[in-house]
Amino acid sequence: MSDEQAVVCEGLRYSFGDTVAVDSLDLSVVSGEVFGLLGPNGAGKTTAIRCVTTLLPVPPGTVRVFGRDAATERMAVRRLLGYVPQQLSADSGLTARENVALFARVFDVPRRERRERVAQALDAVGLTDAADRMAGTYSGGMVRRLELAQALVSAPRLLILDEPTIGLDPIARTGVWEHIMAVRAATGMTVLVTTHYMDEADQYCDRVALMHQGRVRALGTPESLRADLRARRADGSAPTLEDVFREVAGSGLVEDGGEFRDVRRTRSTATRVG
Amino acid sequence: MCAVELQKLRHDRTELYTRAIQPALWLLIFGETFTRIRAIPTGGVPYIDYLAPGIIAQSAMFIAIFYGIQIIWERDSGVLTKLLVTPTPRAALVTGKAFAAGIKALIQAVVVIVIAALLGVAMTWNPLRLLGVAAAVIFGSAFFACLSVTIAGIVLTRDRLMGIGQAITMPLFFGSNALYPVAVMPDWLRAVSAVNPLSYQVDALRGLLLGTPAHLPLDFAVLVLAAGAGITAASSLLGRLAR
Ligand SMILES: Nc1ncnc2c1ncn2[C@@H]1O[C@H](COP(=O)(O)OP(=O)(O)O)[C@@H](O)[C@H]1O
Ligand SMILES: [Mg+2]
């Protein structure tokens with residue numbers, strides 16, 4: 001693993017009106033790692049991600065992706081990214097192959113290579129057999145894998161996944177993660193992923209940042225975070241990442257973690273998946 | 001971009017069929033009735049002939065003006081979000097979508113022309129003129145689709161866009177020469193018609209299909225400029241939808 005920085009955020013802050021969604025966020029993702037941004041609904045994960053993807057302006061603070069500034073070099077940043085948003089974003093009116101081919105085209109994959117690259121991307125996520133079915137007939141886990149193929153067809157250096165397993169059943173969740181890990185092993189790309197499932201992060205992420213109310217409350221490898229808490233508790237118990245999170249977030253986790261709109265958004269995603 | 005929209009159309013054609021109903025009714029009921037009444041001075045052509053180009057333009061506009069709803073749907077579903085994170089410029093995305101809307105409108109126009117021909121409207125079959133007709137339909141629809149996307153970029157929600165769409169379609173339709181000549185309009189309506197791209201589209205279609213006197217260079221200049229302005233406005237507001 002080289003020491004090159006894939007993503008650097010410094011003093012990033014973003015507000016929707018009076019709601020401060022992301023508050024002085026400092027973060028760095030090392031090239032080649034799987035970095036997890038964790039936190040409950042409403043923590044500001046999606047907002048932070050959308051600043052990195054150039055969808056939102058970066059008013060105070062800077063965001064750099066492989067050294068390129070997300071505010072001033074948007075096109076250069078977009079070329080480096082594969083992005084899977086929180087919603088299920090495959091076009092249900094197209095076949096899987098057409099969905100992936102669209103992204104080969106908008107990412108300027110040379111015409112001669114397109115067919116081949118589209119087929120490879122579909123193969124990498126295990127959808128070759130279902131490639132000519134309409135995406136509208138896919139199950140939630142298949143749609144996620146299709147979106148993964150869409151993001152991979154441009155061979156990005158940084159793959160950004162926003163809640164890739166939200167609303168999926170356990171088997172589909174494992175399936176999605178296995179494909180992510182296989183692709184990462186094959187290409188060495190950097191993965192920035194958000195989730196509120198602590199167990200997944202523990203299992204698959206090299207490093208995690210625990211985010212709450214727009215701020216990072218803890219940062220490190222899942223093992224080191226657990227080991228630190230274990231040392232602090234000194235009662236011989238084996239804490240999980242979730243315990244770590246409870247401790248750093250302090251009180252107020254249940255009461256103000258996630259507002260109505262977050263719940264609604266999460267539910268509607270879940271409904272579409274289900 | 002354009003190709004993708006057409007792929008979708010190939011997968012699901014029902015919308016093409018259902019959309020043919022309304023223009024057919026206009027021609028059949030309004031057209032036949034007013035041909036009999038002879039209330040509208042059309043310069044010698046039967047009223048139903050006069051009306052046919054107007055209905056082609058109207059039905060194309062009615063589709064295009066709600067195009068923004070699809071954009072908002074794509075925003076909500078994340079399809080648009082993802083496209084906005086690609087190196088493809090916004091203007092290219094909007095142009096593709098606008099011309100896809102134009103081609104859908106063109107298919108619709110073919111249906112209306114066939115219906116009109118069945119009702120005995122005497123139209124040209126000169127291929128060059130038909131090519132002109134196609135261009136007028138595509139540019140006009142591209143403009144209205146971009147207008148719709150621009151409004152979507154301002155109001156941001158589906159309900160508000162529906163409301164505004166419904167509020168402006170009828171004024172655009174009645175404030176044009178689609179149903180009656182400019183000559184019979186009161187002055188204020190003439191002013192509306194003079195700034196309404198629909199009027200220029202109808203004028204071009206009428207001139208090309210029926211051979212009535214028209215101002216083709218002016219008509220096409222207005223349509224192309226309007227489409228260009230629409231694409232510029234829509235692409236500069238597209239990013240707002242992803243906030
Ligand atoms: N488009 C928006 N308009 C207004 N407030 C928003 C918008 N998007 C997110 N928020 C608010 O910003 C905060 C962080 O949201 P988000 O980044 O979506 O959190 P997460 O992805 O961690 O669930 C929440 O309080 C949410 O209500
Ligand atoms: Mg989120």
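The basis for the numbers below is simple: all heavy atoms, side chains too, and nothing from hydrogens, waters or symmetry mates.
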*Of all of A/Asn99, A/Asp91, A/Val77, which one pairs up most often with chain B through heavy atoms under 4.5 Å apart?*
A/Asp91

*Using 4.0 Å as the upper bound for N to carboxylate O, is an ion pair formed by A/Arg79 and A/Asp108?*
yes

*Quick one: do the A/Asp123 and A/Thr128 side chains pair a donor with an acceptor below 3.5 Å?*
yes

*Which heavy atom in B/Phe143 sits nearest to a heavy atom in B/Ala226, and how many Å separate them?*
CD1-O, 3.2 Å

*Identify which part of A/Ser154 has an atom lying under 4.5 Å from any heavy atom of chain B, answering side chain, backbone, both or neither.*
neither

*State whether B/Glu74 and B/Lys97 are salt-bridged, where the test is any N-O pair (Lys NZ or Arg NE/NH1/NH2 against Asp/Glu carboxylate O) under 4.0 Å.*
yes

_Please classify the contact of A/Leu81 with chain B as side chain, backbone, both or neither, using a heavy-atom distance under 4.5 Å._
side chain

*Which answer fits B/Arg75, side chain, backbone, both or neither, if we ask what part of it has an atom under 4.5 Å from a heavy atom of chain A?*
backbone

